[in-house]
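The sequence lines fix the lettering, A, B, ..., with proteins before strands; numbering per chain opens at 1. None of these values were measured; they are calculated from a predicted model.
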2 protein chains.
Amino acid sequence: MLRILDAALAEFARYGLGGSRIDRIAAAAGLSKPNLLYYFRTKELLYRAVLERTLAMWLEPLRELDPDDDPADALAGYITRKLHYSRTHPEGSRLFAVEVIQGAPYLEPVLRGELAALVEAKVATIRSWIAAGKLAPVDPYHLLFMLWATTQHYADFAAQVRTLTGHDLADEAFHASAREAVLGVVLRGVLPRP
Amino acid sequence: MLRILDAALAEFARYGLGGSRIDRIAAAAGLSKPNLLYYFRTKELLYRAVLERTLAMWLEPLRELDPDDDPADALAGYITRKLHYSRTHPEGSRLFAVEVIQGAPYLEPVLRGELAALVEAKVATIRSWIAAGKLAPVDPYHLLFMLWATTQHYADFAAQVRTLTGHDLADEAFHASAREAVLGVVLRGVLPRP
DNA sequence: GTCTATAAGCGGATAGAC
DNA sequence: GTCTATCCGCTTATAGAC
């Protein structure tokens with residue numbers, strides 16, 4: 001049931017597994033609590049289902065980072081995709097943020113397996129760009145962390161961003177200014193001087 | 001009671017207010033649940049006390065950003081202070097992250113008041129550096145967000161960083177490499193070309 | 001599949017002895 | 001100040017009718 005997963009994502013992304021209440025999820029999804037438990041037998045199983053559904057969207061943007069592209073294009077594309085994801089799926093971003101803050105009890109196998117393998121491949125890509133003189137020498141892990149941090153910030157800390165600026169990424173002009181600022185600083189920061 | 005506040009910080013920074021359990025806090029602090037409630041009459045009051053105690057450490061680094069410094073020095077100092085804070089007080093960082101992810105229900109007045117005023121002043125500082133030609137033209141709000149995001153990431157996502165790299169900021173060498181990478185990219189990204 | 005009713009247990013908070 | 005015992009509401013989960 002899609003309505004349940006959407007309601008559960010909104011709840012879990014805010015309160016984590018322990019702080020979430022299945023009666024709130026049931027109400028938001030428009031059914032009774034026992035009926036929700038007919039589809040997902042326990043709260044934990046529902047949490048796992050929500051995590052799993054969001055996983056693909058989380059890994060995909062990095063997968064598309066193409067070693068054959070020019071690094072300027074590849075990094076610009078990655079930042080653009082990640083910011084777009086923060087705009088269209090802020091709750092997915094916050095779900096993973098909360099899960100990781102709690103020590104990633106459910107996501108740890110994915111971090112250690114699928115994500116670690118993917119990151120290793122992209123670290124090699126970044127190293128090859130540096131070796132080819134197309135990128136300033138920067139630690140690839142820290143570069144990836146910077147890309148994640150700067151783009152996910154607009155989803156994870158949206159409440160703070162909104163309070164301080166009056167805007168969020170749903171604002172097209174604000175989205176464009178965020179993209180321009182992140183692209184500008186990061187690309188100037190990692191591309192070799194002409 | 002300092003032991004209580006420390007134990008409560010560890011719990012709240014992980015699980016948020018709703019997901020935290022006062023019996024876990026009491027056990028970690030080495031006293032009984034009723035005895036904990038003798039010092040803090042409700043869970044919410046304890047949460048407010050922990051937030052308040054952590055607040056100063058959260059605002060202080062930004063306050064020290066000195067408009068009279070050279071921007072390269074000022075920004076380097078700010079990044080260094082923030083990274084140091086992520087190292088020495090990762091739970092404080094995560095406490096605010098969880099609170100903001102949940103929509104900042106308790107911190108909102110601080111965001112709207114004290115933080116907003118402080119940010120406005122620092123935005124003016126950044127604008128003055130740009131007007132003086134000492135800084136590339138970059139949106140000051142987005143620059144601040146980038147500084148927060150890149151430095152707090154090592155505290156807030158420490159579990160992920162640890163799984164992917166095997167290190168955290170407690171490692172002196174890792175701390176140094178993170179500092180060098182962030183400093184390098186951000187400073188090259190915002191300082192005008194010589 | 002969906003509901004009402006309810007069991008079973010957890011968790012916040014209090015009473016009262018020491 | 002600190003504890004044991006306990007109350008009571010809330011939350012997850014089940015039973016069972018429709």
Please report the distance, rounded to the nearest Å, between [atom1] in [X] and [atom2] in [N].
X	N	atom1	atom2	answer
B/Ile4	D/dT2	CD1	C1'	11 Å
B/Leu31	D/dT4	CG	P	12 Å
B/Arg24	C/dG11	CZ	C1'	11 Å
B/Arg21	D/dC10	CZ	P	15 Å
B/Tyr38	C/dG16	OH	C1'	15 Å
B/Phe40	C/dT14	CZ	C1'	19 Å
B/Leu37	C/dA13	CG	P	6 Å
A/Arg41	D/dT14	CZ	P	6 Å

Out of D/dC3, D/dG1, C/dT2, minimum distance to the side chain of B/Ser32 belongs to D/dC3
Side-chain atoms of A/Pro34 come closest, of D/dA5, C/dC3, C/dG12, to C/dC3
Is B/Arg162 paired with B/Asp168 through a side-chain N to carboxylate O contact shorter than 4.0 Å?
yes
Can we say A/Glu64 and A/Arg81 salt-bridge, meaning some charged N sits less than 4.0 Å from an Asp/Glu carboxylate O?
yes
Should B/Asn35 be listed as having a side-chain N or O under 4.0 Å from OP1 or OP2 of D/dC3?
yes
Reckon A/Ile22 touches a base, only the sugar-phosphate, or nothing at all at heavy-atom distances under 4.0 Å?
sugar-phosphate
Does the base of C/dG12 carry an N or O that pairs as donor and acceptor with the side chain of B/Lys33 under 3.5 Å?
yes
For the ring pair B/His142 and A/Phe174, is the centre-to-centre distance below 6.0 Å?
yes
Determine, for A/Tyr15 and A/Arg24, whether the Lys NZ or Arg CZ falls below 6.0 Å from the six-membered ring centre while staying within 45 degrees of the axis.
yes
